[in-house]
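First up is the structure itself, then whatever we jot down about it.
Starting from 1, each residue takes its place in the sequence as its number.
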Amino acid sequence: MGWFDNLIGWFSPKTACEREAWRLQLQQLRGAGYDAADHGRLNANWQAYNESADLTDRVARDTIRARARDLERNSDLANEIILAFRRNVVGKGFTLQARTQSDELNSQVEALWRQWTKSRNCDVTGQQSLNQMLRMAVQRKKVDGGILFLKCYTKDGLLPFKLQALEVDELALSQSVPKYKDDRVVGGVEFNRYGKPTGYWVQQYSIDGWQTTEPEFHPAKDVIFYYSKRRPSQLREVSDFAPTISRIRDANEFITAVSVKERIAACLAVFIRKTVPTTGFGRSGQTAAAPKTTYDGKTLTPGMITEMNAGDDVQVVDPKSGSGDATTFLKMQQRLIGGGQGISYETAARDMSETTYSSARQASIEDEATFGEEIELLQDVMSEIYETFLISAILAGKIAIPDFWEHKELYLGHEWVASPKKWIDPKKESEANATALQSGQKTFKQIAAEQGVDWKRQLEDMAEVQEYAAQLGVKIGGVTENAQQQQQDPPDPDDEPQQE
């Protein structure tokens, strides 16, 4: 109790006791809640509010995107994350496997798809192939938060269908009047009463980037908006770097400071200390000593030996290096940055110096789960592109399917096969696949898909190689069928020709 309570207790012990009892009750009530909601000294500067996702995002979206782009241009730590996602989400690209009921039609569609995905056929600018556009899309999603693909119907190219990539900056923020009645325009996107996008208002710019005309409206069916939606009330994108931007910048500033310190530590600094007053002695302030040497503009050179003025002294400053502590700190920062993006330190930093096979395998499994979410989202974009491609091919007469419109869903079936990933330990991985295949845990089709190849084509290649090897009598990829038959049925000596 304080002095005031002690004073009350002196005059009225009953009143003092009641005050103390109520004080204890109040403390218990305050302590029964969450520490995370406490507004005490430790959380005094933590101001947080509950708002809709769009209300929160619209204030910070542009600033976060600008800062993320600055890190993209100038930070190696940021590019570690960007390149890791590009390598593991897209890599060498995806292979289309058409899933109609006709193998001949599947081959025809796949061959036309391979031609269309070249830069001159799929990109309206003729500069990027589809794989290159997908890699750019993954990078823009990490940095900008998303990217838009506009379906363009042109007269040139293999098909009257091409893609135009648009940055999220091109959405017309100033547009407020909707195209359709009862719709609402927010951030350049027009929504209906249920929050479903019905169209996109794209600001028109000249080739040099200056705004030229009024925004142009594109129906939602002609636009693919690739971004991650994390809250039901979220209407537009936010940079995937948002949780880690501050830490990446802090790490960059630390690296710069350590770099400057190391450069200083690599230098030998010399200070000349005067032990004899420069004004000399006597009324005139001059001495009869020899002419003095000035040190203005003097520098140190390797092996330099020179004389100094009488009485001058040299004091050496030799800074100590701190790179050892910097390494530990940066590793911790990289782990936190990678964790904030859902990937391991080894994948982000590409540092395997402290990794065993088990830890590398476990980290790879966790990373694949993160990349799998991005691949699923990206394949939704690819599937919409493929469906528009197939419809355009039919309308252009490149592929003939008489009953396509009656059974459209049947002919639009397809799968994507990702590019293969290298094994950490090929011997152990191949043995595990062989065991899984023999025990029925995996099929040959699944194993082939993990290696990024078409299982039917792989079987055809295997049969072709085996057939040709058998003709030459060469054992390849195991014992051939003919060799196995010869081992099971050795030649009869009586069948051999007799020598006369």
Item checked: Donor-acceptor contact below 3.5 Å, side chain Asn192 vs main chain Gly195 -> yes

Margin query: For a quick test of reading the model, state the closest non-hydrogen atom pair linking Pro178 to Val185 and the distance between them.
Written below: CA-CG2, 3.6 Å

Notebook entry, point to check: Parallel, tilted or perpendicular: which describes the rings of Trp116 and Phe389, with under 30° parallel and over 60° perpendicular?
Noted result: tilted

Note to self: Is any side-chain heavy atom of Leu158 closer than 4.5 Å to one of Leu112?
What the structure shows: yes

Notebook entry, point to check: Can you name the closest pair of heavy atoms from Ala349 and Gln334 and give their distance?
Noted result: CB-NE2, 3.7 Å

Check: Does any N or O in the side chain of Glu110 come within less than 3.5 Å of the main-chain N or O of Gln108, such that one atom is a donor and the other an acceptor?
Finding: no

Next item on the list: Evaluate the side-chain contact (heavy atoms from CB on, under 4.5 Å) criterion for residues Arg135 and Asn131: first the C-alpha distance (whole Å), next the side-chain angles of each, then the deciding distance (0.1 Å), finally the verdict.
Entry: CA-CA 6 Å; Arg135 294 188 191 101; Asn131 284 336; 4.0 Å; yes

Next item on the list: Would you please say whether a donor-acceptor pair under 3.5 Å links the side chains of Gln441 and Ser439?
Entry: yes

Check: Would you call Ile343 and Asn88 a side-chain contact if the rule is heavy atoms closer than 4.5 Å?
Finding: no

Note to self: Nearest 0.5 Å, please: how far is OG1 in Thr63 from CD1 in Ile245?
What the structure shows: 10.0 Å

Next item on the list: Quick one: closest heavy-atom pair of Ser392 and Phe161, and the distance?
Entry: OG-CB, 3.4 Å

Checklist line | Gln175 side chain to Glu190 side chain, donor-acceptor N/O pair below 3.5 angstrom | finding: no

Next item on the list: Answer whether the closest heavy-atom distance between the side chains of Glu72 and Phe241 falls below 4.5 Å.
Entry: no

Check: Shortest non-hydrogen contact from Leu150 to Asp222?
Finding: CD1-O, 3.4 Å

Item checked: Partners meeting salt bridge (Lys or Arg N to Asp or Glu O under 4.0 Å) with Arg65 (sequence neighbours left out) -> Asp62, Asp169, Glu237

Next item on the list: Might you point out which heavy atoms bring Ala360 and Thr355 nearest each other, and give the distance in Å?
Entry: CB-CG2, 3.2 Å

Next item on the list: Measure the spacing between CG of Leu77 and CG of Leu330 and express it to the nearest 0.5 Å.
Entry: 7.0 Å

Notebook entry, point to check: Do Leu390 and Phe404 have side-chain heavy atoms sitting under 4.5 Å apart?
Noted result: yes

Notebook entry, point to check: What class does the angle between the rings of Trp113 and Trp416 fall in, given that below 30° is parallel, 30 to 60° is tilted and above 60° is perpendicular?
Noted result: tilted

Margin query: Could you walk me through whether Asp351 and Ser353 satisfy the side-chain hydrogen bond (donor to acceptor under 3.5 Å, both in side chains) test, starting with their C-alpha distance in whole Å, then the side-chain angles of each, then the deciding distance to 0.1 Å, before giving a yes or no?
Written below: CA-CA 6 Å; Asp351 178 12; Ser353 59; 2.7 Å; yes

Notebook entry, point to check: Taking all atoms of both residues into account, what is the closest heavy-atom pair of Ala393 and Leu159, and its distance?
Noted result: CA-CD2, 3.7 Å

Next item on the list: Could you tell me whether Arg61 and Asp54 have a side-chain N and a carboxylate O separated by less than 4.0 Å?
Entry: yes

Checklist line | Salt bridge flag under 4.0 Å for residues Asp70 and Arg249 | finding: no

Notebook entry, point to check: Side-chain contact, heavy-atom cut-off 4.5 Å: Asp76 with Asn252?
Noted result: yes

Item checked: Flag if over 12 foreign heavy atoms under 6.0 Å of CZ, Arg231 -> yes

Notebook entry, point to check: So among Asn121, Thr154, Thr125, Asp156, which one has a side-chain hydrogen bond (donor to acceptor under 3.5 Å, both in side chains) with Lys162?
Noted result: Asp156

Margin query: With side-chain hydrogen bond (donor to acceptor under 3.5 Å, both in side chains) as the criterion, how do Glu366 and Gln362 come out once you've worked through the C-alpha distance, each side chain's angles and the decisive distance to 0.1 Å?
Written below: CA-CA 6 Å; Glu366 296 294 331; Gln362 183 62 35; 3.2 Å; yes

Checklist line | Val90 backbone acceptor or donor facing Glu374 side chain under 3.5 Å | finding: no

Checklist line | Lys151 bridged to Glu384 by N-O distance under 4.0 Å | finding: yes

Next item on the list: Please report the C-alpha distance between Lys141 and Ser228 in whole Å, then the side-chain angles of each, then the deciding distance to 0.1 Å, and finally whether the side-chain hydrogen bond (donor to acceptor under 3.5 Å, both in side chains) criterion is met.
Entry: CA-CA 8 Å; Lys141 180 177 178 296; Ser228 291; 2.7 Å; yes

Next item on the list: May I ask you to decide if the ring planes of Tyr386 and His414 are parallel, tilted or perpendicular, using 30° and 60° as cut-offs?
Entry: tilted

Check: Does the side-chain contact (heavy atoms from CB on, under 4.5 Å) test come out yes or no for Trp405 and Ile391, once each step is laid out?
Finding: CA-CA 10 Å; Trp405 302 107; Ile391 292 174; 3.8 Å; yes

Notebook entry, point to check: What's the spacing between Phe85 CZ and Thr370 OG1 if we round to 0.5 Å?
Noted result: 6.5 Å

Notebook entry, point to check: Under the 3.5 angstrom rule, does the side chain of Asp123 hit a backbone N or O of Ser119 as a donor-acceptor pair?
Noted result: no

Item checked: Backbone of Leu55 reached by a side-chain donor or acceptor of Ser52 within 3.5 Å -> yes

Notebook entry, point to check: Do His407 and Gln101 have side-chain heavy atoms sitting under 4.5 Å apart?
Noted result: no

Next item on the list: Ignoring hydrogens and angles, state whether a donor on the side chain of Ser344 or Asp367 is under 3.5 Å from an acceptor on the partner side chain.
Entry: yes

Item checked: Gap between atom NZ of Lys181 and atom CG of Asp183 - 0.5 Å precision -> 11.5 Å

Next item on the list: Go through the steps for His218 and Leu148 under the test side-chain contact (heavy atoms from CB on, under 4.5 Å), then give the verdict.
Entry: CA-CA 12 Å; His218 296 278; Leu148 297 98; over 6 Å; no

Check: Quick one: does Ser239's side chain have a donor or acceptor within less than 3.5 Å of a partner on Lys142's backbone?
Finding: yes

Checklist line | Ring geometry between Tyr227 and Phe225 (parallel below 30°, tilted from 30 to 60°, perpendicular above 60°) | finding: tilted

